[in-house]
2 protein chains.
Amino acid sequence: MNPDFRRSMQKLTLKKIARELDVSISTVSKSLKDSPEISQDTKEKVRAFAKLYNYRPNTIALSLKNRKTKTLGVIIPEIVHHFFTTVVSGIEKVANEKGYTVIIGLSNESFEKEVTNMQKLANGSIDGFILSVSRETQLKEDYHHLTETIDHGMPIVLFDRNVSQLECDKVVVDDVEGARNAVEKLVSLGCEHIALFTTEDHVNVGKLRTAGYREALDESGISYRENLVVKLRDEFNDEGQEERLRAEIELFLRNNPGVDGIFAVNEKYALTAMKAAQALGRKIPSDLKVIGFTDGDLSKFASPSLSTVSQHGIQLGENAAQMLIKRLEENNFDPPFQTVVVATRLVERESTSIN
Amino acid sequence: MNPDFRRSMQKLTLKKIARELDVSISTVSKSLKDSPEISQDTKEKVRAFAKLYNYRPNTIALSLKNRKTKTLGVIIPEIVHHFFTTVVSGIEKVANEKGYTVIIGLSNESFEKEVTNMQKLANGSIDGFILSVSRETQLKEDYHHLTETIDHGMPIVLFDRNVSQLECDKVVVDDVEGARNAVEKLVSLGCEHIALFTTEDHVNVGKLRTAGYREALDESGISYRENLVVKLRDEFNDEGQEERLRAEIELFLRNNPGVDGIFAVNEKYALTAMKAAQALGRKIPSDLKVIGFTDGDLSKFASPSLSTVSQHGIQLGENAAQMLIKRLEENNFDPPFQTVVVATRLVERESTSIN
DNA sequence: TATTAACACTATAACGTTTTCGTGGATAAA
DNA sequence: TTTATCCACGAAAACGTTATAGTGTTAATA
């Protein structure tokens, strides 16, 4: 055998093995698949060779032939974001276990990037999508790229940011219940003037958590007061806008000294509120109790540590991957579709302790 | 035309267009590529049809034909980790701009997962790797999977966790300098007993940052004292081990009341140290000044906010992607290899303020 | 001895592209 | 009229697989 064989081989293929061993490509393929059509001798010879030179079938060729890629496309609005990374790690875990690969696309909260990213992946690169729609998409309420994908026979599992008019599998957090539990907790701790820091209305999860806040108040016989609800503008989330967010929150706290509880729809709002309140001399949790949403490191390391509604992102991701893979393996892309609701859990820390 | 055409088409291909328009596949392909071989009439007809039914070439088929996938494989030790996500977002940005897709593999700090992930992707799915080796890989010092990949003609760009014996492009943070600057800062603020919280020795970045710590002390004429260096065990980073980490740090602080400055090689150690110190009644920054490494949200939102050595993960990712894509487009997989060093920047916050 | 069956392989088509090389017919030049 | 030149298109190969359908040789059966 050519001594330079190893060097010359950029990538070993069936054809090269066949040429080297002086048999046909079919024989090589069948040998490696342990087909009964091939004699033991030949099989062993081929397999030894393949093993020696570390043959691995070309994934692309297989994808083309089988018309499936064993790859999941995941589109998320942001990756530098604790919640989404936990979801991705859940997806990746299940995907890997079942022999799937994960491709990640970032929309960066942009409608256009979401669309182009999907189009790029939809052309044969992946078998199905797991995605959370971007903020802009929710704002525009334009979901044609999603419906078209589904119509073309590619399954989608939506997560977290629900879009009720879309017919597909979904796995969502029980935002309403999570928020309700949080606010109920505040009430049970004696809070009577509970402020809500939430997003603009078009953000679905913000809306749902607001609804939960309201439910809890209703149940407790506390009247809902518009002026205790602060809708923070989207742009405050942008890089470098921390000060404006802080100013807005501080202004509110200054104007509402009677507030004794805060429920915020995310960690950032909650922590900013805590910092602003502390700067104003309010003691947490004695004067003011705070609960946030999304359980990340930020909450754990805050001073005082922040009680939060944990969303179980990993579980969410695992569920999403399972649902998608199930459809793919069963080759069932038709209704009925399923919506899995992942329960939240209130993690109590110092910001709501009673001492 | 068959009215059910749209429905029947799972995915539009050249062949289907050809059949429908009663021309050859070649003609369709050439028309879409605006070849001069084809008449205007035919071109227009084909293009109108393709546009109407939203034809997009099958990526997999193109990959097979061109023997390149326009996809980058990114292997990171962890995804629920601020630094790595910033790197990924930098990679993704550049990749997207240049028409590349990104596949993510997680090693979860495991050697075996790193190897299998790479093997899976190396078989045609991607054109090159960007990766940061897992902790276990560093521990074992087994890099055969990397050298083999390189030998097979697939370029690798290593980032952050450098492996000096590997011959490939690299983009690393200047850990030594970052650490030195941080410690110099502490010295300039009057600290004389500066503790170091670092990792076990086999973690490269820990070692480098430790070296920087030492350099700064040497320069400042402060003697290096072994007993001020705390090597925290890897396992303390695992989920649920926060208390043990905290206990270890607290013990040290209790035994070393004279410590007036802390440099920690990551955010977690720094924040845990701050919390422990505060619990022991030390005031930060007046009694004790603290600087961490890696600039994440944790540092910004801590109380007091934490000064850190910012690693510019995004830039790091951008550089890595640029280097890899350059090699791919130039088809140049040979030495010389480049090592880009991304400078760090000391971000000063409350934990080192002077008032 | 002629037929059949078993064996151990090879050839071929297909997946969806792109590209090189033909090719038939029309037109222009000789 | 014959020959050369275009024009507009089609055929075929290739990328690396797998699966189906041959095929030639030997051995068993009638």
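Residue numbers begin at 1 in each chain, while the letters A, B, ... track the order of the sequences.
Regarding B/K45, its NZ atom lies at a distance of 14 Å from the P atom of D/dA8, rounded to whole Å. A/I60 places its CD1 atom 12 Å from the P atom of D/dG16, with the value rounded to the nearest Å. Counting to the nearest Å, the P atom of D/dA8 and the CG atom of B/D34 are 13 Å from each other. Rounded to whole Å, the distance from NZ on A/K11 to P on D/dG16 is 11 Å. Distance, B/N123 CG to D/dT17 C1': 13 Å, rounded to whole Å. Atom CG in A/L64 sits about 12 Å away from atom P in D/dG16, given to the nearest Å. Atom CD of B/Q40 and atom P of D/dC7 are 13 Å apart (whole Å). Taking atom CD1 of A/I17 as the reference point, atom C1' of D/dT17 lies 12 Å away to the nearest angstrom.
When the side-chain nitrogen and oxygen atoms of A/Y55 are compared with OP1 and OP2 of D/dT17, one or more of them lie within a distance under 4.0 Å. Phosphate proximity of D/dA14 to B/R67: absent, as no side-chain N or O sits under 4.0 Å from OP1 or OP2.
Nucleic acid contact class of B/T42 (heavy atoms, under 4.0 Å, all strands): sugar-phosphate only. Counting non-hydrogen atoms under 4.0 angstrom, A/T27 reaches a base of the nucleic acid. Within 4.0 Å of A/L62, counting heavy atoms only, lie sugar-phosphate atoms of the nucleic acid but no base atom.
Checking B/Q138, B/H145, B/H144 one by one against B/D142, the side-chain hydrogen bond (donor to acceptor under 3.5 Å, both in side chains) holds for a single residue, B/H144.
Ion pairing between A/E92 and B/K113 holds under the 4.0 Å rule for side-chain N and carboxylate O. Taking 4.0 Å as the cut-off between side-chain N and carboxylate O, A/D127 and A/K70 do not count as a salt-bridged pair. Salt bridge status for A/K98 with A/E318: absent, with no side-chain N to carboxylate O gap under 4.0 Å. At a threshold of 4.0 Å, the pair A/E20-A/K15 does not count as salt-bridged, since none of the basic side-chain nitrogens sits closer than that to a carboxylate oxygen.
Counting non-hydrogen atoms of other residues, nucleotides and ligands closer than 6.0 Å to CG of B/N331 gives a total above 12. At most 12 non-hydrogen atoms from other residues, nucleotides or ligands lie less than 6.0 angstrom from NZ of A/K326. The neighbour count for B/E112 CD, taken as heavy atoms of other residues, nucleotides or ligands under 6.0 Å away, does not exceed 12.
Screening residues 38-57 of chain A for salt bridge (charged side-chain N to carboxylate O under 4.0 Å, His left out) gives A/D34-A/K43, A/D34-A/R47 as the qualifying pairs, with residues at least two apart or on separate chains.
Nearest-nucleotide positions on DNA chain D place B/S24 closer to the 5' end than the other of B/A61 and B/S24.
With a cutoff of under 4.0 Å to any heavy atom of chain A, the contacted region of DNA chain C is bounded 5' to 3' by C/dA8 to C/dG16.
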Completion exercise
Quick tally for nucleotides 19-25 of chain D: nucleotides whose base has a protein heavy atom under 4.0 Å get B, sugar-phosphate-only ones S, the rest -, giving BBB----
